[in-house]
Every structure is written in structure tokens, then in C-alpha cells.
Chemist: 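This is the structure I want to talk about, given as C-alpha cells.
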Amino acid sequence: MVQLIKKRKHLYLALILFILSFILNFPFPHQVPYGAAVAIRFGIPIESENGIQYVGILAVILLLISLFFLVQAVGVHPGRFFVLAIIIAWFAPHFLANTYQKHFASDIYAVSYDRESSTCRFYMEDETTLHGVCELPFENYSKKDVQFKIQLIGRYDKDDSKLVSFMNTESPYMVILRGKERNRLKIEMDIDVSGMKEKHINGQLDQIDIIMKSGERMRWL
């Protein structure tokens, strides 16, 4: 009779490396994977000048090595275990993150930010006044009220970053979401651009990056 596990050490190595890869790619509590967020906090570059993601490559390498040891460890149907591990690595991180946020998280960790639907629009009201309007969608999955502060991040080109900095002149903005509330936060501001060389500034920014804070807790979204 063929044993299910024929090399236990290989199995343990496979599990350790798989979990490390899983953690590096875990998409919570920040917009970037958990491994990238940790690297940023310690000042470690997460990508090259050509846009190569170091943390993502490391996660893939760890996953591939773990799959190699997994196939070596099992005694029956190694192909099935290989496919199952790929499916878990692909779907489980987002499933677990969504499940945790919607059913178990509290405070700002229970708040989702729909970055894809966020936008900031700018148009000239007169020769010296630029009017900015930002709309940021939030949803509180917990039953308790959540209070937090937000600040916009300028991860755009030079001109766009300047517009975001204008909208930050009165930040951080206080947000209060009631239990199970969904709200589209609207920030409006008149900006004096009389001292700027550029005139008749109009435009729109989408997918606005923000920092969310509550006490010592912080999320990059």
C-alpha cells in the first residue's frame, strides 16, 4: 500500500515555504500585499526602476519551491496536490481577507475603501480660484460606529501630485461611519491659484490613494 506522505521533512518544508509565500501576498490590511507593506515600513525597495516587483517575485519563488517539495513529499496523486495548492494560493488570500473584514474585523480594519470608484475633479471657478471636489466611497462592515482620519496621497506625476497636495491643506479629514453604513465622502475646496504659473487648470484624477488612521492604527489604501 502506497503511503500518502512518503517524505515528511519535504512536507514540512513545503508547508513553511507555502505559508511564507501566502503571507507575502496577503492583500490586507493595506492596498499593497502584506509583504510589500512591511518592506515599505522598513525602507526596503519593493520594485526596480523598470517596475519589477521584488516582493512579488520572492513570493512566486517561494511558492514554486514549496510546490516542488510538496510533489516530492506525497506518495499518491502528486499532480492533484499540485493543482490544489495552486488553487489555494490563487484564491485563498482574497477569500480570507474578505471574510475576516466582513465578519470579524473591528475599527478601521472593518472599513473598506472602494479605490477603483474614487475620483477628484478640478475646474476653474474664475481666473484665480480652482475648485476641487473629491469623492471617496467607504463601507463599514461592523455593527459598531467607526471614527477615523484620512489623508490623500499623491502617487501621480508632478502636476497631479500638486493637485492632491492642494486637497490636503485641511487634512487629515475626520470620517465617522455608523454601523453597517455605506457612504461616499465628499471633500470640496476652493484653492487660490493666483500665484501659479499654470492657468485654467482642469482635470480629473481617478483611483485616489489614501492613508487611513485611527489612533496608532494605520492603513495604506
Chemist: Kindly state each residue pair satisfying disulfide bond (SG atoms under 2.5 Å apart) with at least one member in residues 56-97, sequence neighbours excluded.
Modeler: none

Chemist: Scan residues 94-113 for pairs that pass salt bridge (charged side-chain N to carboxylate O under 4.0 Å, His left out), counting only residues two or more places apart or in two chains.
Modeler: Asp107-Arg217

Chemist: Determine, using the 4.5 Å side-chain heavy-atom cutoff (strictly less than), whether Tyr123 and Ile191 are members of one ILVMFWY cluster.
Modeler: no

Chemist: Could you measure the distance from the NE2 atom of His103 to the OH atom of Tyr141? Nearest 0.5 Å is fine.
Modeler: 9.5 Å

Chemist: Is there a path of hydrophobic side-chain contacts, each under 4.5 Å between heavy atoms of I/L/V/M/F/W/Y residues, joining Tyr12 to Ile88?
Modeler: no

Chemist: I need the minimum non-hydrogen distance between Ala37 and His30, along with the two atoms involved.
Modeler: CB-CD2, 3.3 Å

Chemist: Below 3.5 Å, can you tabulate the donor-acceptor pairs from side chains in residues 65-80 to any protein atom, sequence neighbours excluded?
Modeler:
{"unit_1": "Ser66", "atom_1": "OG", "unit_2": "Leu62", "atom_2": "O", "d": "3.4"}
{"unit_1": "Ser66", "atom_1": "OG", "unit_2": "Leu63", "atom_2": "O", "d": "2.6"}

Chemist: Excluding sequence neighbours, so at least two apart, what forms side chain to side chain donor-acceptor pair (under 3.5 Å) with Tyr173?
Modeler: none

Chemist: Go through the structure and list residues passing ring pair (Phe, Tyr, Trp, His ring centres under 6.0 Å) with Phe28, not counting sequence neighbours.
Modeler: Tyr100

Chemist: Below 4.5 Å, heavy atoms only, C-beta onward: do Leu177 and Val111 meet side chain to side chain?
Modeler: yes

Chemist: Does anything in residues 62-103 pair up under disulfide bond (SG atoms under 2.5 Å apart), and if so which pairs, sequence neighbours excluded?
Modeler: none

Chemist: Quick check: does any side chain N or O of Thr99 sit under 3.5 Å from a backbone N or O of Phe95, one acting as donor and the other as acceptor?
Modeler: yes

Chemist: Please enumerate all residues that pass side chain to side chain donor-acceptor pair (under 3.5 Å) together with Gln101, with sequence neighbours excluded.
Modeler: none

Chemist: Flag the pair Phe148 / Met174 as yes when at least one side-chain heavy-atom distance between them is below 4.5 Å, and no otherwise.
Modeler: no

Chemist: Checking Lys213 against Ile150 for the side-chain contact (heavy atoms from CB on, under 4.5 Å) test, could you report, in this order, the C-alpha distance in whole Å, the side-chain angles of both residues, the deciding distance, and whether it holds?
Modeler: CA-CA 6 Å; Lys213 296 180 181 179; Ile150 64 166; over 6 Å; no

Chemist: What I'd like to find out is whether the side chain of Met218 reaches to under 4.5 Å of the side chain of Ile211, using heavy atoms alone.
Modeler: yes

Chemist: Taking the side chain as everything from C-beta on, heavy atoms only, tell me whether Thr119 gets closer than 4.5 Å to Leu205.
Modeler: no

Chemist: If I take atom CD from residue Glu116 and atom CD1 from residue Ile208, how far apart are they, to the nearest 0.5 angstrom?
Modeler: 11.5 Å

Chemist: What distance do Ile187 atom CD1 and Cys120 atom SG have between them, rounded to the nearest 0.5 Å?
Modeler: 7.0 Å

Chemist: Nearest 0.5 Å, please: how far is CD1 in Ile61 from CG in Leu17?
Modeler: 11.5 Å

Chemist: Count the heavy atoms belonging to other residues, nucleotides or ligands that lie under 6.0 Å from CZ of Phe22, then report whether that count exceeds 12.
Modeler: yes

Chemist: Would you compute the distance between atom CG of Leu11 and atom CZ of Phe81 and round it to the nearest 0.5 angstrom?
Modeler: 9.0 Å

Chemist: Is there a side-chain contact between Pro27 and Pro33 in this structure, where contact means two heavy atoms from C-beta onward sitting under 4.5 Å apart?
Modeler: no

Chemist: Which donor-acceptor pairs under 3.5 Å do side chains of residues 131-139 form with protein atoms, sequence neighbours excluded?
Modeler:
{"unit_1": "His131", "atom_1": "ND1", "unit_2": "Asp190", "atom_2": "OD1", "d": "2.7"}
{"unit_1": "His131", "atom_1": "NE2", "unit_2": "Glu188", "atom_2": "OE1", "d": "2.9"}
{"unit_1": "Glu135", "atom_1": "OE1", "unit_2": "Arg184", "atom_2": "NE", "d": "2.7"}
{"unit_1": "Glu135", "atom_1": "OE2", "unit_2": "Arg121", "atom_2": "NH2", "d": "3.2"}
{"unit_1": "Glu139", "atom_1": "OE1", "unit_2": "Arg182", "atom_2": "NE", "d": "3.4"}
{"unit_1": "Glu139", "atom_1": "OE1", "unit_2": "Arg182", "atom_2": "NH2", "d": "3.3"}

Chemist: Are Ile108 and Ile176 linked, directly or through other ILVMFWY residues, by side chains that come within less than 4.5 angstrom of each other?
Modeler: no

Chemist: Listed by chain and number, what are the side chain to side chain donor-acceptor pair (under 3.5 Å) partners of Asn140, not counting sequence neighbours?
Modeler: Ser142

Chemist: Quick check: do Trp220 and Val32 have side-chain heavy atoms less than 4.5 Å from each other?
Modeler: no

Chemist: If you look at every heavy atom in Pro93 and Phe26, which pair is closest and at what distance?
Modeler: O-CE1, 3.6 Å

Chemist: Which pairs, with at least one residue in residues 14-44 and sequence neighbours excluded, count as a disulfide bond (SG atoms under 2.5 Å apart)?
Modeler: none

Chemist: Applying side-chain contact (heavy atoms from CB on, under 4.5 Å) to Tyr113 and Ile210, what does each step give before you reach the verdict?
Modeler: CA-CA 9 Å; Tyr113 168 57; Ile210 67 169; 3.9 Å; yes

Chemist: Which pairs with one or both residues in residues 142-153 pass salt bridge (charged side-chain N to carboxylate O under 4.0 Å, His left out), sequence neighbours excluded?
Modeler: Asp145-Arg178

Chemist: Can you tell me how far the CG atom of Leu20 sits from the CG atom of Leu15, to the nearest 0.5 Å?
Modeler: 11.0 Å

Chemist: Apply side chain to side chain donor-acceptor pair (under 3.5 Å) to Asn183 and list each qualifying residue two or more places apart in sequence or on a separate chain.
Modeler: none

Chemist: Do the side chains of Trp90 and Asn25 get nearer than 4.5 Å, heavy atoms only?
Modeler: no

